[in-house]
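To start, the structure itself, in structure tokens.
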Amino acid sequence: MFQLIVVLVIAFIIFRTIHRIFSITYLSGQVLFTMILGCLVAAYAVVEFFLSLIN
């Protein structure tokens with residue numbers, strides 16, 4: 001459960017960073033969905049990487 005929360009927080013941070021860098025004002029549904037999915041995958045990869053370093 002803790003890992004899920006960490007992944008969601010990191011995904012939100014990545015999403016907000018991308019949104020501010022490119023100052024996206026209009027996104028269609030499919031683009032937004034793909035961007036959120038990509039942020040989740042990236043966040044999961046980051047968390048798994050750091051967990052593998054700990055163990």
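All figures in this text were calculated on a predicted structure; none of them were measured in a lab.
- For Phe50, the side-chain contact (heavy atoms from CB on, under 4.5 Å) partners two or more places apart in sequence, or in a different chain, are Val46, Leu53.
- The other members of the hydrophobic cluster of Leu37, by chain and number, are Phe33 (side-chain heavy atoms under 4.5 Å, ILVMFWY only).
- Residues satisfying the side-chain contact (heavy atoms from CB on, under 4.5 Å) criterion with Thr34, sequence neighbours excluded, are Gln30.
- Note: Leu8 CG to Tyr44 OH = 12.5 Å, rounded to the nearest 0.5 Å.
- Atom CD1 in Ile18 sits 11.0 Å away from atom CD1 in Ile36 (nearest 0.5 Å).
- A search for side-chain contact (heavy atoms from CB on, under 4.5 Å) contacts involving Ala11 returns Cys39, Leu40, Ala43, not counting sequence neighbours.
- Hydrophobic cluster membership is shared by Leu4 and Leu51, with clusters built from Ile, Leu, Val, Met, Phe, Trp and Tyr side chains linked at under 4.5 angstrom.
- Results of the side chain to side chain contact (heavy atoms under 4.5 Å, CB included) test with Val9 over Val7, Ile13, Val6 single out Ile13 as the only residue that passes.
- For Val41, there are no side-chain contact (heavy atoms from CB on, under 4.5 Å) partners, not counting sequence neighbours.
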